[in-house]
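What follows is a short report on a single structure.
Computed from a prediction, not measured in an experiment: that's the story for all the values here. Throughout, residue positions are numbered sequentially from 1 according to the sequence presented. Both backbone and side-chain heavy atoms feed into the values below; hydrogens, waters and symmetry mates do not. Atoms within a ligand are numbered from 1 in the order they appear, just like the ligands themselves.
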Amino acid sequence: MIINHPNFGDIAADRVIIFDTTLRDGEQSPGFSMNLAEKLRMAEALAELGVDVIEAGFPIASPGDFESVQSIARKLKNGPVIAGLARTSRNDILSAAEAVKDAERKRIHVFLSTSPLHMKYKLRMEPDEVLQLAIDSVTLARQYTDDVEWSAEDGSRTEPDFLCRCVEAAIKAGATTINIPDTVGYALPADMTRIFTMLRERVPGAEKIIFSTHNHNDLGLAVANTLAAVAAGARQIECTINGIGERAGNAALEEVAMAIRTRPDAVPCQSGIVTERIMMTSKLLSTITGFDVQPNKAIVGRNAFAHESGIHQDGVLKNAATYEIMTPESVGLTKNSLVMGKHSGRAAFRDKLRALGYGELGDNQINDAFRRFKDLADRKKVVYDEDISALVDDEIVRDNDRIRFVALDVHAGSRGPAKAVLELEIDGQAHSAEASGDGPVDATFSAIHKIFPHEARLVLFSIGAVTEGTDAQARTTVRLEEAGKMVDGQGADTDTIVAATRAYLHALNKLLVKRERTEPEALSA
Ligand code: KIV
Ligand code: ZN
């Protein structure tokens, strides 16, 4: 079976479309908001990873959301289809249409609840009204693009006959992708098998469109449900990097992609994902959002390829396949390798960045990163790839920051209060302050308060090491809370207090972005 799709042309029966919603479902979850520069950087990384569709945001939600969808649509050329999300109202659809207008390939994604609970309590509508709304909204969206996706929100809890009627109506109105979300993460794999088999058997026109699966992880089954849906004929997978998303998150892109690559016998499908780019995309997201994945997270966790036990190590040394079902290289994990020292030049540094996958950096970013690399090489005996990545990611995420770190002097120790003298730049203006405190971190954070008074509360402060050794760079995370909004910031430096300061400023800059953004209207998962 070959489907002819307005944006992809003829799609082979075994090709699965990877629809990434990191920048929409992922970004709308608490603590994961990103500014425009961060979203653009993430979108570029997703394009390089080989995703087919990027859901770039929910344009009606705020001017900031609109601007980021529009910028991504304008900037990414020869890349993925750019989708904008919309509810069924005219304003939502027009806003999504305008935001994606300049994309080379665009999609409008309209969603509407279809389950009895959602129709009664959320929409307060009768099923026939919902059906008509589905038809009207898809018809309207089709006036702006041939590629329209329709989602039956809470589809997995929708009454089967009604789901079939809605899907049939949406197809007749012109939807080219039909998505059945497990919005609340309630379904089991057997439900997915039943739903997609039923839709393909019963709905007229089902053979002409792509069925899509969108699973939340409340029961830890998002990836299992996704694979069950694919086995039952779904050919678009909606997923996010590191599995971020509403509540327990969405199906993790890296897990789905590696299941497809590792088990062609059981999942006989192809995706366009360049799996060797998984690790760096995952790390970039962690750096941008300030949330590291748990150490035992499948595919991208720190321990995912670590063999601690002697028996396993022995087996792996004799033949890696004894305990490894995928190679670390297949997900882009490179061994700690010695890179350059303080005598390495700019050209070698640029080559290294390319080898690490940072192909698209601008000259300013390379210059700033090179300056920090030189500084690091002066202070640290051995500079590893991880050090370079930490430092470059740090530069990238700070590109649009209003508050910037300049310098810090700290006096600390067991005698007397610690003292910090801090220099910052705010909107290009130099500022400095001196403060004392109970330890160097307290003194430094007080100095930040003096320069930039704010009400945010520090709710988490953690320190880890980028690599091994006493001269390793510290990677710090700071979580700030202000008026119910939570943000995380990260910083890396061989000086732990400087790393903490960078993390604090990163979080503060994110709060500023949040303040500028009007909060989205209530949006379902
Ligand atoms: O989970 C969900 O139902 C969604 C829709 C907007 C597709 O995210
Ligand atoms: Zn969702």
Mind checking whether His454 and Tyr504 have ring centres under 6.0 Å apart? yes
Purely on distance, is any nitrogen or oxygen of Asn179 under 3.5 Å from one on ligand 1? no
Per salt bridge (Lys or Arg N to Asp or Glu O under 4.0 Å), Arg24 is matched among Glu246, Glu238, Glu55 by Glu55
Return yes when at least one N/O/S atom of Glu246 is nearer than 2.8 Å to the Zn ion (ligand 2), and no when none is. no
N/O/S atom name from Asp25 that is nearest to the position of the Zn ion (ligand 2): OD2
Is any side-chain N of the basic residue among Glu168 and Arg202 closer than 4.0 Å to the acidic one's carboxylate O? no
Tell me the contacting part of Glu246 for ligand 1: side chain, backbone, both, or neither, using a 4.0 Å heavy-atom threshold, strictly below. neither
Does a salt bridge link Arg142 with Asp146, judged by any charged N lying under 4.0 Å from a carboxylate O? yes
Show which atoms of ligand 1 fall inside a sub-4.0 Å distance from at least one heavy-atom site of Glu153. 3 (O)
Any N/O pair Thr183/ligand 1 closer than 3.5 Å: yes
Thr240 vs Thr22, side chain to side chain donor-acceptor pair (under 3.5 Å): CA-CA, chis, key distance, verdict: CA-CA 5 Å; Thr240 59; Thr22 305; 5.0 Å; no
Is it true that the side chains of His5 and Asp10 contain a donor and an acceptor less than 3.5 Å apart? no
Between atom CD1 of Ile288 and atom NZ of Lys283, what is the distance when rounded to the nearest 0.5 Å? 14.5 Å
Does an N or O anywhere in Asp25 fall below 3.5 Å from an N or O of ligand 1? yes
For Val100 and Lys106, the nearest pair of non-hydrogen atoms, with its separation, is O-CD, 3.4 Å
Answer with yes or no whether Arg24 contacts ligand 1, where contact means a heavy atom under 4.0 Å from a ligand atom. yes
With side chain to side chain donor-acceptor pair (under 3.5 Å) as the test, would you mind laying out the steps for Gln70 and Glu98 before giving the verdict? CA-CA 8 Å; Gln70 187 174 58; Glu98 183 60 26; 4.6 Å; no
Heteroatom proximity flag, His216 to ligand 1, N/O under 3.5 Å: yes
Quick one: which ligand 1 atoms are inside 4.0 Å of a heavy atom on His214? 1 (O), 2 (C), 4 (C), 7 (C), 8 (O)
Distance under 4.0 Å to a non-hydrogen atom of Ser151: what atoms of ligand 1 satisfy this? 7 (C)
Which segment of Glu55 sits under 4.0 Å of ligand 1 when only heavy atoms are counted: neither
May I have the angle between His214 NE2 and His216 NE2 with its vertex at the Zn ion (ligand 2), rounded to 10°? 100°
Would you check whether His109 has a nitrogen or oxygen atom less than 3.5 angstrom from a nitrogen or oxygen atom of ligand 1? no
